[in-house]
Amino acid sequence: MKKKVAVLGATGSIGRSALDVIRAEGDSYEPVLFSSHRNLGGLLALSQEFPAAALALTGVETEAPPQGVLRGMAGLRRGIAEAAADMVVNGIAGAAGLEPSLLALEAGADLALANKETVVMAAPLVFALAAKRGRRILPVDSEHAAIFNLLEAHGREAVEELILTASGGPFRGCSREELSRISPDEALRHPTWKMGPKISVDSATLANKGLEVIEAAGLFDFPPGAVTVAVHPQSIVHSMVRLKNGAIYAELSQPDMRLPIHNALAYPLCGPCAFGRLDFNGLTLEFEKPDLERFPLLPLAYQAARLGGPYPVIYNAANEAGVAAFLAKSIGFLDIPQVVEYVMSNDWQAGTWNLREAGVFEGLALILETDRKARNAAEAYIKTYSR
Ligand code: NDP
Ligand code: MG
């Protein structure tokens with residue numbers, strides 16, 4: 001029997017990689033739902049190839065898309081509820097991916113999760129819901145996919161440290177002066193991974209690694225201090241674990257998102273995969289410490305993770321607003337961390353935040369309200385930059 005798969009964010013970088021895996025392993029998977037936000041053409045092209053799959057276009061609330069295409073968030077909600085997918089691949093970019101993750105679990109599907117914001121913003125809610133529905137969350141983010149495998153191999157109890165690797169982005173060796181002049185086009189050119197615009201900018205500022213520290217702590221239930229970062233420019237070692245006896249184990253492959261997507265779709269099987277196979281002969285692997293002074297979004301993420309409560313939501317929302325303003329050329333590259341630091345320093349009355357006792361959709365409302373307030377605070381601050 002083929003696994004029924006929904007691909008959310010099917011027109012993006014993760015979505016395209018997921019479709020490559022589905023095409024290569026067509027005997028195993030049957031696509032039942034695709035979503036995109038505004039890219040109707042991409043969605044219709046997929047429909048030509050997979051006519052049985054339902055289509056949802058989330059970014060169109062009012063205009064009528066062609067007949068049969070579900071529209072808006074309401075359409076996606078219906079699509080997920082009716083698709084009866086065994087597995088939902090969530091490749092939606094940003095905070096908008098959170099609700100679809102919850103809907104997928106609620107509908108009884110396992111979640112192949114690329115959308116890291118889901119865990120950053122709502123780890124307790126998502127895990128409570130997955131447990132209630134008896135579903136699995138399989139990380140697709142390459143570092144977390146590697147750590148997931150390493151924890152399964154060695155047992156969580158044996159592990160004392162999760163070591164996330166970071167490419168260091170395109171500006172690893174740049175001075176502050178050089179960083180201050182970086183344009184959006186330069187920031188979008190990642191040295192080892194081909195990804196969507198938001199995550200490419202985050203890789204250049206190290207906010208992506210910051211989000212991944214919070215993601216790792218949330219996914220694997222480790223304290224933030226037990227999650228460390230090693231800069232590894234080749235992106236061959238996807239992450240490592242240090243056991244209590246001091247030994248370090250790593251997972252290596254070519255940087256190719258199709259391998260972690262294959263693993264998540266096939267879980268718990270470990271069958272042949274056409275992607276990411278590595279020839280290690282002649283390879284040189286380098287490691288260095290991240291520069292926390294030049295890339296303050298990494299220490300700010302640790303601060304958000306340690307403070308907990310609403311702070312990971314605030315960090316993420318302020319960073320999303322900062323990146324959007326940078327891409328729109330309203331602020332410079334070095335202003336993005338300034339925006340995040342400013343918004344995090346506001347009074348968030350964190351004492352009143354209690355997610356553990358909230359129901360799923362009540363918790364979601366609280367998170368989205370905090371997300372909205374943090375974005376508003378960031379946008380108001382960004383206006384002060386218009387020179
Ligand atoms: P892209 O920007 O390439 O693609 C995003 C997808 O989500 C598109 O299909 C887009 O539709 C859709 N989308 C955008 N905005 C919304 C919205 N508001 N509501 C619903 N759907 C939306 O992103 P990536 O594929 O690079 O990243 C997706 C997620 O995966 C992110 O969370 C990222 O951090 C994570 N990730 C990505 C990796 C990568 O290699 N790219 C690696 C690890 C994690 P449309 O095309 O119509 O705009
Ligand atoms: Mg990653």
Side-chain angles (χ1 to χ4, degrees), residues 12-18 20 91 93-94 114 116 139-147 163-213 215-216 228-240 250-261 275-299 301 319-320 322-324 326-327 329 332-337:
S13 161
I14 288 289
R16 286 192 300 274
S17 292
D20 279 352
K116 61 193 78 188
V140 164
D141 207 351
S142 58
E143 297 77 4
H144 306 75
I147 287 176
I163 308 167
L164 301 178
T165 50
S167 71
F171 313 123
R172 192 164 46 95
C174 290
S175 67
R176 254 192 94 75
E177 217 283 306
E178 288 165 324
L179 291 177
S180 70
R181 287 186 272 112
I182 280 160
S183 71
D185 284 346
E186 290 167 312
L188 290 176
R189 266 180 246 133
H190 193 273
T192 49
W193 296 98
K194 265 190 81 192
M195 307 177 289
K198 157 68 171 53
I199 182 174
S200 296
V201 175
D202 284 351
S203 297
T205 62
L206 292 199
N208 183 51
K209 215 44 56 178
L211 291 169
E212 290 185 355
V213 166
E215 182 188 9
T228 59
V229 173
V231 172
H232 165 48
Q234 293 80 18
S235 302
I236 296 286
V237 174
H238 296 305
S239 273
M240 304 181 265
E251 184 177 298
L252 284 70
S253 76
Q254 290 290 355
D256 187 332
M257 289 309 295
R258 293 174 295 187
L259 177 57
I261 293 170
F275 309 108
R277 187 167 285 252
L278 180 69
D279 175 4
F280 56 80
N281 291 302
L283 270 185
T284 303
L285 303 177
E286 297 165 291
F287 299 93
E288 60 189 58
K289 278 198 168 148
D291 185 332
L292 304 184
E293 259 171 49
R294 271 182 309 136
F295 297 101
L297 281 165
L298 183 54
N319 180 57
E320 281 191 17
V323 172
F326 168 68
L327 288 174
K329 302 195 174 152
F333 186 77
L334 288 178
D335 300 327
I336 305 171

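Computed from a predicted model, the values in this text were never measured in an experiment.
Among Pro170, Ser200, Ser203, the one residue that satisfies the side chain to side chain contact (heavy atoms under 4.5 Å, CB included) test with Leu188 is Ser200.
In terms of heavy-atom proximity, Ile14 sits nearest to Gly91 at CG2-CA, 3.8 Å. A pairwise comparison of heavy atoms in Val237 and Phe287 identifies CG2-CZ, 3.8 Å as the closest pair. Minimum heavy-atom separation, Ser183 to Glu186: N-OE1, 2.8 Å. Closest approach of Arg176 and Glu293 over heavy atoms only: NH1-O, 4.4 Å. Trp193 and Ser142 make their closest contact through CZ2-OG, 3.8 Å (heavy atoms, listed as atom of the first residue, atom of the second, distance). Ile236 approaches Pro255 most closely through the heavy-atom pair CD1-CD, 4.0 Å.
Note that CZ of Arg258 is 5.0 Å distant from CG of Asp20, once rounded to the nearest 0.5 Å. Atom CE in Met240 sits 7.5 Å away from atom OG1 in Thr228 (nearest 0.5 Å). Atom CD1 of Ile336 is separated from atom CG of Leu206 by 11.5 Å, given to the nearest 0.5 angstrom. Rounded to the nearest 0.5 Å, atoms CG (Leu283) and CG (Leu252) are 8.0 Å apart. Once rounded to the nearest 0.5 Å, the distance linking CZ of Phe333 with CD1 of Ile182 reads 4.5 Å.
With contacts defined as side-chain heavy-atom distances shorter than 4.5 Å, the pair Asp335/Phe326 does not qualify. By the 4.5 Å heavy-atom criterion applied to side chains, Val213 and Leu298 are counted as neighbours. You'll find the side chain of Lys198 reaches within 4.5 Å of the side chain of Asn319, heavy atoms only. Taking 4.5 Å as the limit, some side-chain heavy atom of Ser253 sits within range of a side-chain heavy atom of His238. The shortest side-chain heavy-atom distance between Lys209 and Glu143 falls under the 4.5 Å cut-off. Residues Arg172 and Glu288 form a side-chain contact, since some pair of their non-hydrogen atoms from C-beta on lies under 4.5 Å apart. The side-chain heavy atoms of Asp141 and Glu215, taken from C-beta on, include a pair separated by under 4.5 Å. Between Lys194 and Ser13 the shortest side-chain heavy-atom distance does not fall below 4.5 Å.
Of the possible polar contacts, none joining the Thr192 side chain to the Ser235 backbone as a donor-acceptor pair under 3.5 Å is found. Distance alone, capped at 3.5 Å, places no donor-acceptor pair between the His232 side chain and the Leu285 backbone.
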Chi angles and distances behind the side-chain contact (heavy atoms from CB on, under 4.5 Å) call for Met195, Met257: CA-CA 10 Å; Met195 307 177 289; Met257 289 309 295; over 6 Å; no
Check the pair Asp185, Arg189 against side-chain contact (heavy atoms from CB on, under 4.5 Å), reporting the backbone distance first and the verdict last. CA-CA 7 Å; Asp185 284 346; Arg189 266 180 246 133; 4.2 Å; yes
With side-chain contact (heavy atoms from CB on, under 4.5 Å) as the criterion, how do Leu259 and Gln254 come out once you've worked through the C-alpha distance, each side chain's angles and the decisive distance to 0.1 Å? CA-CA 9 Å; Leu259 177 57; Gln254 290 290 355; over 6 Å; no
